[in-house]
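Report on the structure given below.
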Number of protein chains: 2
Amino acid sequence: MADRPYHHGELRTALLDTAEALIRERGVDGWSLREVSVRVGVSPSAAYHHFASRDALVQALSRRVLARLGERLGDEVERAGGDGVEGVVAFGRGYVRWALEDPAVARHWLAYNAGGGDRTAPHPHRVLAAALDRLVETGGLPAEARPGADFVVWAAVHGLAALLVDGLVHLDTPEAVYAQAERVVRATLIGLSRQAPPPQGWPTPRSAYTERAVDPRR
Amino acid sequence: MADRPYHHGELRTALLDTAEALIRERGVDGWSLREVSVRVGVSPSAAYHHFASRDALVQALSRRVLARLGERLGDEVERAGGDGVEGVVAFGRGYVRWALEDPAVARHWLAYNAGGGDRTAPHPHRVLAAALDRLVETGGLPAEARPGADFVVWAAVHGLAALLVDGLVHLDTPEAVYAQAERVVRATLIGLSRQAPPPQGWPTPRSAYTERAVDPRR
DNA sequence: CATCAATCTGAACGCCGTTAAGATCGAGGC
DNA sequence: GCCTCGATCTTAACGGCGTTCAGATTGATG
């Protein structure tokens, strides 16, 4: 307030960082715009030069979290080889591990997720779709089973993560959680391979990750 | 305020009903305790004789929603025959239909779900577990695959419902949504049947639905 | 009919998100 | 080197929120 320069310089990022830290400390709703401002050392109204509202900050944070998750999942799929079943398994394990390691922030994303993500990072759904495409190329999944398969696997993995983060399902050790994630992914893939493929004209789901302009203030 | 009797009589239920109606009208967070009180025709502090806090009302509503879902799913599984794969498919379709037909309330439950449910109604997880048990009895699922299978199916169905409710996945018609739910359930069941069963001592997940005393004020 | 606990009211507290008017600063043109 | 101008931040205020507390009203008990 007194020792700080009048212009902060990185206020937008500082607000996001501080909000995220508070979420980690006290849970999804354990913070206010005013408290974030105080902690950053700035008046409550300063935030309104960078975010149109508190909700806009929440959305921006959600996008940032999503972008980091996408990046991380891309790396993990890559590191697992990426071309076979192991790549998809790595996706599932990474998704769930992320929810386990940073539960408050993950819960924030689950509750206030923003449809579109940061366009500089791949959306988790894209990472999964790419992994499944390569699985088809390497013969690990019949091509007829591919359409819409991403949504089946995503649903299973997302559901496990949500149940864990919300405390509806409990496992004692992280290893048990990863094992469960692996079982979910492998079962899903086997089922998709053996299942009668969807008929022609089957309505394919669409992801909310559509390219669109994003007002940085929103 | 003037024409109403001093004692409401059914205030607790009226508050829950009105909050639910407001959620349906304006979304998960589009209401306040004060507004609910005004609509019921009661002063804001009256609610505190029935709920310890606003959050307690939220939790109570969440439990009520959960109980209704469990009851409904039980009926639908029953109506589908219940002993074979069709019973589990009916569970998945019902779960997703519920999310589709009452999205705001479903979103409320997803965001503020209470671990334990009303003990007079079966928890959805119990309904699913029972359906899977009968599936094993009728030979539709190998007994070795049964341990933990409920959590695999639940994760897949829950995930699809969550993705739909949050708008992360879109399908144009309700029929397409049900078809997707069916595909998810059938693929999961096939995968569980064909997959190498989990080894002895495999750590089984636990549901948060443990019988425990619930303070009606909380 | 008196008592008493349960229920509800009215007023107040501090915190919240948000807005408006003005102070402070840094950068680009003279 | 100064001046302007737009961006950034402050101070002050508004109404609404959840919550508390002292007191009014009521139906049930005996």
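In what follows, every chain begins at residue 1, and chains take the letters A, B, ... in the order their sequences are listed.
When the C1' atoms of four end pairs are superposed on the next four at each end of the helix from C:dC1-D:dG30 to C:dC30-D:dG1, using five pairs per end, the two resulting axes differ in direction by 0°, to 10°.
In this structure, A:Ala111 has no side chain to side chain contact (heavy atoms under 4.5 Å, CB included) partners at least two apart in sequence or on a different chain. Qualifying ring pair (Phe, Tyr, Trp, His ring centres under 6.0 Å) partners for B:Tyr178, counting only residues two or more places apart in sequence or in other chains: none.
Relative ring orientation between A:Tyr95 and A:Trp98 is described as perpendicular, the plane-to-plane angle rising above 60° on a 0-90° scale split at 30° and 60°. In this structure, A:Phe151 and A:Trp154 have tilted ring planes: the angle between them lies in the 30° to 60° band.
Among pairs with a residue in residues 37-61 of chain A, those fulfilling salt bridge (Lys or Arg N to Asp or Glu O under 4.0 Å) read A:Glu25-A:Arg39, at least two apart in sequence or across chains.
The NE2 atom of B:His49 sits 8 Å away from the C1' atom of C:dA6 (whole-angstrom rounding). Going from atom CZ of B:Arg12 over to atom C1' of C:dC8 covers 17 Å, rounded to whole Å. Atom pair A:Phe51:CZ and D:dC9:P shows a separation of 12 Å (rounding to whole Å applied). One atom, OH of B:Tyr48, and another, C1' of C:dC13, lie 13 Å apart when rounded to the nearest Å.
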- Query: Can you list the steps and then say if A:Arg93 with A:Glu86 is a salt bridge (charged side-chain N to carboxylate O under 4.0 Å, His left out)?
  - Reply: CA-CA 10 Å; A:Arg93 208 188 291 122; A:Glu86 298 312 315; 5.2 Å; no

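Remark: A:His50 is in phosphate contact with D:dC9, judged by side-chain N or O atoms under 4.0 Å from OP1 or OP2.
Using a 4.0 Å cut-off between charged nitrogen and carboxylate oxygen, B:Glu20 and B:Arg64 count as a salt-bridge pair.
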Kindly give the atom pairs (protein nitrogen or oxygen, nucleotide nitrogen or oxygen) under 3.5 Å for nucleotides 3-5 of chain C.
none

Can you name the atoms? Protein N/O to nucleotides 13-17 of chain D N/O, anything below 3.5 Å, with the distance.
residue, atom, partner, partner atom, Å
D:dC17, OP1, B:Ser32, OG, 3.1

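Residue A:Glu101 qualifies as enclosed at atom CD: its count of foreign heavy atoms under 6.0 Å is above 12.
In terms of modelled atom types and a separation under 3.5 Å, the side chain of A:Ser62 and the main chain of A:Val58 share no donor-acceptor contact.
Pairing each heavy atom of B:Val28 with each of B:Ile23, the nearest pair is O-CG1, 4.0 Å.
Residue B:Ser45 has its side chain nearest to C:dT9 when only D:dT19, C:dC8, C:dT9 are considered. Across D:dT20, D:dC9, C:dC8, the shortest atom-to-atom separation from the side chain of A:Val42 is found for D:dC9.
A distance of 6.0 Å or more separates the ring centres of A:His108 and A:Trp31.
When each of A:Pro44 and B:Ala47 is assigned the nucleotide of DNA chain C with its nearest heavy atom, B:Ala47 is the one assigned upstream, toward the 5' end.
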